[in-house]
Amino acid sequence: MRIGLMTIVVAEYDAAIDFFVDSLGFELIEDSAARTNDGRPKRWVVVRPPGAETGILLARADGARQAAVIGHQVAGRVGFFLQVDDFRSAYDRMVSRGVEFVGAPRSEPYGQVAVFLDIAGNRWDLLGPAQP
């Protein structure tokens with residue numbers, strides 16, 4: 001058993017793809033035409049970090065109810081965690097690509113951490129190994 005995909009609701013596909021691929025360094029796994037349950041066109045867009053098994057389905061908001069959750073999928077908490085082996089390099093690369101961090105990096109018992117916002121405004125932890 002495994003989790004194959006999780007969804008992040010976004011305003012637009014292309015801007016979300018640019019953020020996850022260009023700013024975070026994810027891979028674009030799939031971008032294909034699909035249909036909503038009632039037959040309207042949509043896209044099936046999946047990204048994931050290199051080497052990861054679990055992907056993120058980037059789902060464009062369909063209607064006011066879905067648009068209302070953009071950036072608030074986990075009620076303002078950090079809900080997504082990007083683990084990296086080289087924290088400083090990943091942090092510096094993300095900053096240089098315009099990723100918005102909401103505070104300075106800090107050390108915690110579980111590792112180095114810095115909170116950043118994705119294209120939709122959701123909070124993520126960038127996590128690296130604990131420093132000795």
Specify the closest pair of heavy atoms between [X] and [Y], including all atoms of both residues, with the distance to one decimal.
| X | Y | answer |
| --- | --- | --- |
| Pro105 | Ala114 | CA-CB, 4.0 Å |
| Ile3 | Thr54 | O-OG1, 2.8 Å |
| Pro109 | Ala130 | O-CB, 3.9 Å |

Do [X] and [Y] have side chains that get closer than 4.5 Å, going by heavy atoms?
| X | Y | result |
| --- | --- | --- |
| Ile56 | Phe26 | yes |
| Leu58 | Val46 | no |
| Leu126 | Phe87 | yes |

Distance in Å, [X] [atom1] paired with [Y] [atom2], rounded so as to fall on 0.5 Å steps:
| X | Y | atom1 | atom2 | answer |
| --- | --- | --- | --- | --- |
| Arg123 | Asp118 | CZ | CG | 11.0 Å |
| Arg93 | Leu24 | CZ | CG | 8.0 Å |
| Ile29 | Arg48 | CD1 | CZ | 3.5 Å |
| Gln112 | Gln131 | CD | CD | 4.0 Å |
| Lys42 | Arg35 | NZ | CZ | 11.0 Å |
| Ile70 | Ile119 | CD1 | CD1 | 10.5 Å |

Side chains of Asp31 and Trp44, donor plus acceptor under 3.5 Å: no
May I have the list of side-chain donor-acceptor pairs in residues 72-85 shorter than 3.5 Å, sequence neighbours left out?
residue: Gln73; atom: OE1; partner: Val9; partner atom: N; Å: 2.4
residue: Gln73; atom: NE2; partner: Thr7; partner atom: O; Å: 3.1

Run the ring-ring contact (aromatic ring centres under 6.0 Å, His included) test against Phe101 and tell me which residues pass, sequence neighbours left out. Tyr91, Phe116
Okay, side chain of Asp125, backbone of Leu127: is any donor-acceptor separation there less than 3.5 Å? no
Please check: side-chain N/O of Tyr13 versus main-chain N/O of Val45, any donor-acceptor pairing under 3.5 Å? no
Can you hop from Val95 to Val99 via hydrophobic side chains spaced under 4.5 Å? yes
Please determine whether a side-chain nitrogen of the Lys or Arg among Asp62 and Arg40 lies less than 4.0 Å from a carboxylate oxygen of the Asp or Glu. yes
Using a strict threshold of under 4.0 Å (side-chain N to carboxylate O), is an ion pair present between Arg97 and Asp92? no
Do other residues, nucleotides or ligands put more than 12 heavy atoms under 6.0 Å from the CD atom of Glu53? no
